[in-house]
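First comes the structure, then the notes that go with it.
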Amino acid sequence: MKPPPFEYHAPRSVAEAMEVLAAAGPEGKVLAGGQSLIPLLNMRLVAPGHLVDVNRLTELDTVEAEPGGVRVGALARHARVERSAGAAAAQPLLRQALRLVAHPVIRNRGTVVGSLVHADPAAELPAVLALLGGSVRLARPGAVRDVPAAGFFTGPLESAAEPGELAVSAFFPALGPRCGTAFHEVARRHGDYALAGVAALVSLDDGLRVTAARAVCVSAGPVPVVVDVTGHVAGTSPAVVSGAAVSGAAGTGTSGAGAFADGWAAAARAVAGRVEPEDDIHASAAYRRHLTCVLAERALREAAASAADDVGTRR
Amino acid sequence: MTNIAVTLTVNGVVRRAEVPGRRLLSDCLRHDLGLTGTHVGCEHGVCGCCTVLLDGEPVRSCLTLAATADGHEITTVEGLAGPDGEPSPVQRAFAECHGLQCGFCTPGFLCTVTALLRDNPAPSEEEVLEGLSGNLCRCTGYQNIVRSVRRAAELIAGKGDGGPAGWPSGPVRTSGDTGAEGA
Ligand SMILES: Cc1cc2nc3c(=O)[nH]c(=O)nc-3n(C[C@H](O)[C@H](O)[C@H](O)COP(=O)(O)OP(=O)(O)OC[C@H]3O[C@@H](n4cnc5c(N)ncnc54)[C@H](O)[C@@H]3O)c2cc1C
Ligand code: FES
Ligand code: FES
């Protein structure tokens, strides 16, 4: 359980890191928080010739509000982003998700960008990036590109980051007005990778009617699965659809309530129908699918209620 | 593969070692520096036995390279006691409340709890459980560990047995004969 030998590099600037990585090519690997890579090294599942340690690149230890969202630098650790009031204000789903990532001690080292590049289908942050339609910025000497989430996760533990490329930051779009988010998951113990998990994003119009509803699932397939369920709930009011009392909501007539209440349930079934979980030692595929359905309904309803709260406070 | 010269300030003492790039911090502490208080259970981040404080923050030393820690401050379980060897409030609470049996997991719990109570001197039950969730113990069943954390919080707040806050000077009790149970 010790890492195989490698040449260790500790660049002091992003420019130097990019040069070392470019020279190492397919033999090179970036070491960020090490919370996924070092277990893989210890278990000898990877054996890079060159390890490029980016922990001295303090210029990448950033969490910045940008117009329209939050940009997280490659050295910003989970714990820092979780604590950031600015990040939580701009996009509450970040904190909602980070609380579910591993244990606090792991979050002290692991980085948000490292988690995205690692692209574990059971991880929360890739799901968040996919749901929000964020992007990852990849750099090599003389070339920078932003890869949208939809094209970034290419398979289990596979991302669009190519050999020789350094991920320098990730961008998470801000929560729009009249929008709400939620993240629910079930894990064997708090902090473990989830057996199933669903994050939801719901937007309403000024009349509290649903205009868009999307969910994303973790541990449900090779890459995060985003499902648009707007068709099941569009035009309905969350007060009615969820049965929850939302102040200011109109039209709580009893005749339509039953049909509306089924809207979220149908949406959740649609989400569960799209996932491709697998049997493993922890849970059967059927159980994971069942969990996904239950969690999807919870997350969607909660996101809608939170969007309605937002409308309430804006009035 | 060239060796790397690393300088670590361990428990307040500047220590130097020449290590290969692949040396884990846990092995550097144990083998290069002879500090065997840091225990190694799983070497993939799951058990928490190897937890040390890196610049004051608890981290897995089995998931950190010694070379990455170059120039930084480390506190291991050997550094928790007072200058004259007096157990810290957290150590004392674990002894008083039977927070350990075989002791294998204990260095990791002590480091984790030391940081937890520094950042949050009066944690709720839920915060204690969340704080301990990354550390495994095969012996105690956790009940007495949770009790130890509550007792340590009391001791740090100066509500121990009349001893001063921070580093109480009373004798270390050896069984659960204190108010800890009812705390
Ligand atoms: C016990 C335990 C439990 C965990 N539970 C969870 C969990 O529930 N949910 C979850 O999401 N995660 C979990 N994790 C993983 C954790 O979140 C990791 O921190 C994260 O997956 C990777 O981030 P890192 O900074 O540690 O990356 P590293 O481990 O340093 O790197 C991971 C991979 O990404 C590449 N990489 C990293 N940064 C860059 C970069 N800037 N540019 C290019 N490539 C890069 C590396 O080369 C490597 O291939 C757990 C880890 C442990 C040890
Ligand atoms: S030995 Fe480091 S977590 Fe188990
Ligand atoms: S006391 Fe034996 S493992 Fe915890």
Side-chain angles (χ1 to χ4, degrees), chain A residues 1-12 29-58 75 77-80 82-83 99-111 114 187-193, chain B residues 1-4 6 19-27 31 40-72 108-109 111-113 115-116 119-120 123 126-136 142:
Chain A
M1 290 290 285
K2 310 292 176 196
F6 48 74
E7 202 64 61
Y8 175 81
H9 304 267
R12 301 271 163 183
K29 204 117 185 77
V30 172
L31 173 71
Q35 304 302 291
S36 295
L37 180 55
I38 296 187
L40 293 176
L41 288 166
N42 284 354
M43 293 186 246
R44 303 280 174 121
L45 295 173
V46 291
H50 296 265
L51 204 66
V52 184
D53 184 345
V54 297
N55 282 283
R56 286 170 188 77
L57 308 184
T58 45
L75 202 54
R77 319 239 177 227
H78 297 318
R80 169 158 186 211
E82 183 188 353
R83 276 195 302 264
R99 289 203 169 132
L100 301 171
V101 173
H103 314 286
V105 174
I106 306 291
R107 299 204 290 270
N108 281 340
R109 288 304 287 175
T111 64
R188 290 176 74 227
R189 292 169 310 165
H190 182 76
D192 283 2
Y193 279 107
Chain B
M1 308 279 154
T2 43
N3 272 0
I4 299 148
V6 298
V19 298
R22 67 188 184 121
R23 178 79 87 240
L24 301 173
L25 178 59
S26 45
D27 288 338
H31 304 309
V40 171
C42 68
E43 289 188 326
H44 60 279
V46 173
C47 75
C49 292
C50 67
T51 306
V52 301
L53 306 182
L54 173 67
D55 295 333
E57 294 304 326
V59 304
R60 300 286 197 247
S61 61
C62 75
L63 297 188
T64 310
L65 296 180
T68 304
D70 179 33
H72 291 268
F109 273 99
C111 289
T112 305
V113 172
L116 175 73
D119 296 343
N120 183 0
E126 204 180 310
E127 287 166 337
V128 171
L129 296 184
E130 155 94 357
L132 297 176
S133 64
N135 292 66
L136 300 183
Y142 301 100

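Sequence lines set the chain letters: A, B, ... in the order given, protein chains first and strands last, and positions in each chain run from 1. Predicted model only: the values in this text are computed from it and were never measured.
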Under 4.5 Å from any heavy atom of chain A, what part of B:Asp27 do you find: side chain, backbone, both or neither?
side chain
Engaged part of B:Leu129 at the chain A interface, taking heavy atoms whose separation is under 4.5 Å
neither
Can you tell me how far apart CZ (B:Arg60) and CG (A:Asn108) are? Round to the nearest 0.5 Å.
10.0 Å
Is any side-chain heavy atom of B:Leu65 less than 4.5 Å from a side-chain heavy atom of A:Leu51?
yes
Should A:Glu7 and B:Thr2 count as side-chain neighbours, where that means a heavy-atom distance under 4.5 Å?
yes
Chain B heavy atoms under 4.5 Å from A:Leu37: which part of the residue, side chain, backbone, both or neither?
neither
Value rounded to 0.5 Å, distance of CZ in B:Arg22 from CG in A:Asn42:
10.5 Å
Between B:Thr68 and chain A, which part of the residue has a heavy atom less than 4.5 Å away: side chain, backbone, both or neither?
both
Measure the spacing between OH of A:Tyr8 and CG of B:Asp70 and express it to the nearest 0.5 Å.
7.5 Å
Between A:Val105 and B:Thr112, which heavy-atom pair has the shortest distance, and what is it?
CG2-CG2, 4.2 Å
Got a second to check how far A:Met1's CE is from B:Leu24's CG, nearest 0.5 Å?
9.5 Å
Winner by heavy-atom pair count (cut-off under 4.5 Å) against chain B, out of A:Leu31, A:Asn55, A:Asp53, A:Asp192:
A:Asp53
Output the option from A:Arg189, A:Arg56, A:Arg107 having the highest count of non-hydrogen pairs under 4.5 Å with chain B.
A:Arg56
Using a strict cut-off of less than 4.0 Å between a Lys/Arg side-chain nitrogen and an Asp/Glu carboxylate oxygen, indicate whether B:Glu57 and A:Arg80 qualify as a salt bridge.
no
Out of B:Gly45, B:Gly21, B:Gly71, return the one with the most heavy atom pairs under 4.5 angstrom to chain A.
B:Gly21
Flag for B:Ser133-A:His190: side-chain donor and acceptor within less than 3.5 Å
no
salt_bridge(A:Lys2, B:Glu43) N-O dist < 4.0 Å
yes
Is atom CZ of A:Arg44 surrounded by more than 12 heavy atoms (other residues, nucleotides or ligands) closer than 6.0 Å?
yes
Atom group of A:Leu40 that falls short of 4.5 Å from chain B, counting heavy atoms
neither
CG-NE2 distance between B:Leu132 and A:His103, expressed to the nearest 0.5 angstrom
11.5 Å
Max heavy-atom pairs within cutoff under 4.5 Å with chain B, candidates A:Pro5, A:Gly191, A:Pro104, goes to A:Pro5
Toward chain A, the part of B:Pro58 with a non-hydrogen atom under 4.5 Å:
both
For the atom pair CG (A:Leu41) and NE2 (B:His44), what is the distance rounded to the nearest 0.5 Å?
14.0 Å
